[in-house]
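Residue numbers start from 1 in every chain, and the chains themselves are labelled A, B, ... in the order their sequence lines are given, proteins ahead of strands. All heavy atoms count here, side chains included; hydrogens, waters and symmetry mates do not.
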Amino acid sequence: MSSHNSGSPFAPHTPEETAAMLAAVGAASEEDLFDIPDGLRFDGAFGIESRSEQATRAHVDATLGRNADLTEFLGRGHYDHYVPSLVDHLSQRSEFLTSYTQYQPEVAQGFLQALFEYQSMLVELTGLDVANCSMYDAATALGEAATLAARLRRISGETVLVPDLLHEGRRGVLENYVEGAGLAVESYPTDDANADVEALADRVEEDVAMVYAENPTVRGTIEERLPEIGDLAHENDALFVLGTDVLALALLREPASVGADVVVGEAASLGLGASYGMGLGLFACREAFLRQVPGRLVGVSEDATGRRAYTLTLQTREQHIRRERATSNICTNQAWVALRAAMHAATLGPQGLVDLANDCVTATADLAERVDAIVGMRAPVHDRHHFREFVAHTDQPAAAVASDLEREGFAVHVVGEHEIQLCTTETNAARRDALVEALEVVA
Amino acid sequence: MSRDERDQGAASESDRDPLVYDQARWTADDEKYEPLLAEKHTREVEVESALPDHLTRDTLDLPDLSEPELARHYTRLSEMNYGVENGPFPLGSCTMKYNPKFTEDVAAHPKAGIHPDRSPESAQGTLELLYRLQDYLGRIGGMDAVTLQPPAGAAGEFAGILIARAYHEARGEDRTEVVVPDSAHGTNFASAAMAGYDVVELPGAADGRVDLDALEAAVGEETAALMLTNPNTLGLFERDIERIAEIVHDAGGLLYYDGANLNALLGRARPGDMGFDVMHYNVHKTFATPHGGGGPGAGPVGVREDLAEFLPEPRVRRTDGGYELFAPERSIGKVHGYQGNWLVLVKAYAYIARLGDEGLADASAKAVLNANYLAERIDYEIPFGPFHHEFVASADADAADVAKRMLDYGVHPPTTKWPEAVPEALMTEPTEIENRASLDQLAAAFDAVAAEDEEAIESAPERTAARRIDQVSAARNPRLSWQALDREE
């Protein structure tokens with residue numbers, strides 16, 4: 001490695017080899033190979049120091065080490081669940097990690113099969129016919145669902161209805177995605193964190209192209225009237241899009257059975273964790289929309305020996321073929337994260353998934369009950385069933401409570417002047433008692 | 001072995017035959033290769049819970065395998081997949097580099113996994129890293145301000161075009177068109193259309209570059225932006241870039257840089273200096289984060305100073321006490337739920353911090369040298385030049401057949417049939433990571449295929465996990481899940 005101390009450590013050329021190759025192409029120097037007008041030449045001085053691997057690692061580790069050591073009771077769309085070691089070890093195999101989109105399927109059967117298995121798991125979890133093999137995150141998947149609604153010719157409206165409690169990140173992305181398609185986003189009211197179905201019924205008219213609801217909601221409540229919301233959408237020729245979380249699907253009623261036409265949401269809760277908001281957007285829909293689906297699809301075919309083989313399919317929807325008439329601009333997606341989610345689901349198995357999802361209900365109810373017993377607090381604020389998280393009322397200003405908790409080593413959401421939101425999973429289970437004790441002091 | 005001996009060894013191997021290659025092929029029967037998880041063992045469980053029945057599903061039917069079975073399944077699948085560490089991967093325009101191992105370890109730091117809704121005070125390490133990466137990318141691209149939010153190159157294009165739209169609207173202008181060269185990446189067209197623009201296609205000149213007359217005819221008061229990569233998709237530097245910028249700017253439009261080919265320019269030229277107003281970076285190309293079989297990537301966007309106020313929110317800035325998030329004054333809003341593909345950004349940061357000025361410049365030098373050397377070694381027509389990091393060769397046979405046969409020689413083939421300016425195009429980008437011996441190996445594979453008869457290449461590949469796959473029937477009769485296969489039986 002000593003010859004590589006200057007220059008890229010990942011360019012293997014020795015000086016002799018470089019000289020021989022330059023001679024072979026008839027160039028006097030590397031600089032002669034750059035066909036750049038003199039006025040545009042840059043001298044290469046970015047002012048970025050070159051470092052050894054060890055020094056780089058120490059530098060980045062020290063930088064990340066400045067993040068405070070807190071136990072997070074944070075959720076609102078991003079969740080930590082324990083990721084089995086198998087997921088890290090096998091997803092990191094370089095044949096998976098360092099491969100490209102599967103444009104040559106004969107040499108990419110492994111990844112294609114893993115993505116086909118991911119699609120199939122989502123078909124089981126959603127009850128819908130078709131799942132793609134990933135969007136960037138829940139927010140962009142929601143944006144894609146809205147543009148899908150705009151493309152379907154039977155939908156004549158231009159309004160997208162979303163709950164007024166919609167997460168600000170999802171709302172922001174949705175607004176950017178729909179503007180080019182000529183749609184406008186409008187809120188419908190919620191009642192105790194769930195959709196106010198009566199208010200929604202008053203609002204749903206011909207101008208509505210899509211009704212969006214979430215289960216669980218951003219406040220952790222479980223929607224109880226989804227079939228009615230679906231009926232309202234369909235009676236008015238609108239698409240019913242349901243946002244959800246991949247783990248919740250192991251327990252909650254299948255989206256297809258409550259009338260969902262499209263399911264979007266976050267699948268990063270399997271295989272990825274909170275990861276500073278990095279995501280894995282899930283997208284599934286009815287077969288009728290197959291040729292309007294955004295993103296990559298893996299299908300079954302056969303090879304020259306007649307054996308079953310997998311390939312990317314229906315690519316005429318995609319940007320590299322259809323260009324400005326494509327169903328989406330997405331090209332690079334989250335394939336490897338989808339692989340990890342599938343591995344995580346497979347490791348848990350069906351009973352493991354159901355058990356973990358059940359724990360998200362019972363542990364949350366238990367924590368809410370304990371918080372409710374604290375003087376100066378009331379929980380849960382919403383009289384609903386909850387999944388993983390709930391809102392608690394604080395007599396003290398919520399910001400002060402959260403700030404005091406941070407000093408005690410806990411991170412929680414502030415969602416109102418006197419409201420904090422708490423999320424619990426197996427990864428912070430060991431600190432639940434400590435959180436309750438801290439709340440008893442600061443609340 | 002001394003270095004001299006190694007060099008001699010490499011030189012003596014330079015005329016060797018292409019590799020004989022066999023990819024693993026796991027199969028127990030004539031119907032399929034490795035069985036699906038669901039075919040190995042599934043279980044339907046009754047779903048019981050504390051919730052009322054009407055809120056929950058009745059059953060869940062999914063694979064149910066032990067950990068050793070799963071480990072073997074996924075190991076087998078990996079053996080049926082080809083990545084950069086398996087061999088040369090000269091996929092043009094995709095910049096398939098070696099992905100350093102240490103960046104994986106850095107991204108696995110326990111404090112890299114924090115939740116995005118933490119208080120800024122408790123996330124100073126993450127914010128500092130984001131801030132430093134914004135700064136590095138700005139310097140590398142010659143841009144004044146950078147957002148890291150877009151989670152892929154196409155998402156960066158979309159954000160960039162939204163910024164252009166916001167810019168024009170702020171000036172009271174309602175422009176309706178985006179101009180894109182006919183040889184551009186498909187994402188350029190799709191991203192412009194997604195942002196609500198009409199796409200005006202720009203034909204190329206006979207030398208493979210932008211046709212200035214056609215450009216003058218295409219731009220006007222409706223033009224919001226021209227999207228361009230430089231070097232272009234033929235690997236050619238647009239020498240008239242300053243004139244191109246002038247034409248676009250005189251018409252009131254913005255010049256957008258597609259960063260797909262930035263690896264050719266590191267330390268030699270900067271988009272900002274060429275007159276580009278907005279650009280995206282593909283960190284999974286230029287900065288060697290893994291492609292992950294199709295993602296995650298990241299597509300940060302850089303802009304010139306007067307466009308900074310339109311960048312997506314939140315951005316990161318430095319204050320006296322540390323780092324904080326803020327919303328630019330006229331922000332376009334959001335293009336990702338949070339800060340994009342954060343773990344990918346950590347890897348990109350570590351890569352840039354490792355290479356520094358010398359490493360980045362050398363990466364480009366060797367990428368350009370490798371492309372020129374490989375082109376020199378193969379017996380194919382290359383109609384356009386001089387090229388930088390990639391070249392487009394023309395095959396005598398169907399380029400798709402040539403590609404399939406190349407798979408048998410242990411190399412990943414080039415990008416095929418694009419750009420269309422070259423008949424039966426093989427768009428080839430070896431990147432800086434190949435040594436001379438492996439370029440010779442690649443050249444041997446190119447030339448071996450060229451010498452073979454039609455029958456051999458039409459029946460290829462023979463040595464891959466699956467033989468040639470019928471892609472037409474997959475589209476005609478879509479079966480997209482194991483449930484669909486079950487229904488068929």
Side-chain angles (χ1 to χ4, degrees), chain A residues 7-8 11-12 21 25 30 33 35 44 46 48 50 56 60 64 66-68 72 74 90 93-95 97-99 101 106-107 109-111 120 123 136-137 139 169 172-173 180 274 276-278 299-301 303-304 308-309 313 319-320 323-324 326 329 331-336 349-351, chain B residues 32 45 60 62 64 74 77-78 80-85 106 109 111 115-116 122 124-125 139 151-152 154 186 189-191 193 195-196 199 237 267 290 292-295 297 333-334 337-338 342 354 356 359 361-363 365-366 368 372-373 432 435 464-469 474 479 481-482:
Chain A
S8 167
M21 290 170 70
V25 302
E30 289 170 349
L33 297 171
D35 179 28
F46 301 127
I48 304 172
S50 303
T56 310
V60 184
L64 292 172
R66 280 171 212 140
N67 287 336
E72 295 167 344
L74 299 169
L90 289 169
R93 282 185 65 101
S94 66
E95 300 91 334
L97 189 62
T98 75
S99 59
T101 302
E106 293 84 359
V107 82
Q109 284 298 292
F111 217 126
S120 303
V123 165
Y136 307 127
D137 70 347
V173 172
Y276 206 61
M278 185 167 164
V300 162
S301 186
D303 74 357
R308 187 174 69 203
T313 194
Q319 42 69 32
H320 63 285
R323 306 208 302 188
E324 71 268 28
N329 72 335
C331 178
T332 297
N333 50 72
Q334 304 288 99
W336 184 72
Q351 191 63 54
Chain B
K32 56 192 159 221
V45 300
L60 183 64
L62 283 171
D64 187 30
Y74 284 112
L77 292 190
S78 75
M80 294 164 72
N81 214 63
Y82 188 98
V84 173
E85 289 182 22
V106 164
H109 190 291
K111 287 188 175 178
H115 193 283
S122 70
Q124 284 293 299
R139 292 191 222 181
F189 301 87
S191 299
V199 178
F237 193 83
K334 297 184 72 64
Y338 281 94
W342 153 252
R354 168 94 172 91
D362 189 51
K366 296 305 188 298
V368 173
N372 278 273
Y373 179 79
E432 67 273 20
N435 66 12
T464 46
R467 299 286 297 272
R468 177 120 24 150
I469 294 169
R479 290 163 296 168
S481 62
W482 58 51

Exercise. When rounded to the nearest 0.5 angstrom, what is the spacing between CD in A:E106 and CZ in B:R467?
Worked result: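 CZ of B:R467 is found 10.0 Å from CD of A:E106.
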For this session: Drop me the distance from A:S8's OG to B:K366's NZ, to the nearest 0.5 angstrom.
Result: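 The OG atom of A:S8 sits 8.5 Å away from the NZ atom of B:K366.
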Over all atoms of both residues, closest heavy-atom pair of [X] and [Y]:
X: B:N81; Y: A:G110; value: OD1-N, 3.7 Å
X: A:E30; Y: B:A365; value: OE1-CB, 3.2 Å
X: A:A274; Y: B:P116; value: O-CD, 4.2 Å
X: A:N67; Y: B:Q124; value: OD1-N, 3.5 Å
X: B:G337; Y: A:D137; value: N-OD2, 2.8 Å
X: B:P151; Y: A:Q334; value: O-OE1, 4.4 Å

Considering only heavy atoms and a distance below 4.5 Å, find which of [options] pairs most often with chain A.
options: B:G356, B:G294, B:A154; result: B:G294
options: B:K32, B:H115, B:R468; result: B:H115
options: B:D64, B:L77, B:D362; result: B:L77
options: B:L62, B:V199, B:N435; result: B:L62
options: B:A465, B:A193, B:G83; result: B:G83

Between [options], which residue shows the highest count of heavy-atom pairs closer than 4.5 Å to chain B?
options: A:V300, A:D35, A:L90, A:T332; answer: A:D35
options: A:V173, A:T313, A:D303; answer: A:D303
options: A:A139, A:G169, A:A68; answer: A:A68

Taking the side chain from [X] and the backbone from [Y], do they hold a donor-acceptor pair closer than 3.5 Å?
X: A:S301; Y: B:I469; value: no
X: B:R139; Y: A:F46; value: yes
X: B:N372; Y: A:V25; value: no
X: A:N333; Y: B:G295; value: no

Problem set entry | Partner set under ring-ring contact (aromatic ring centres under 6.0 Å, His included) for B:W342, not counting sequence neighbours |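 B:W342 satisfies ring-ring contact (aromatic ring centres under 6.0 Å, His included) with A:Y276 only.
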Problem set entry | Engaged part of A:Q351 at the chain B interface, taking heavy atoms whose separation is under 4.5 Å |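 Its backbone and side chain both get close to chain B.
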For this session: Go through the atoms of B:A361 and report whether side chain, backbone, both or neither lie under 4.5 Å from a heavy atom of chain A.
Result: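 Answer is neither: B:A361 stays 4.5 Å or more from chain A.
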Problem set entry | Short side-chain donor-acceptor distance under 3.5 Å, B:E85 and A:S94 |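 Looking only at side-chain atoms, B:E85 and A:S94 do form a donor-acceptor pair, the distance falling under 3.5 Å.
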Exercise. With sequence neighbours excluded, what pairs up with A:E324 under the salt bridge (Lys or Arg N to Asp or Glu O under 4.0 Å) test?
Worked result: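 Checked A:E324 against salt bridge (Lys or Arg N to Asp or Glu O under 4.0 Å); zero matches.
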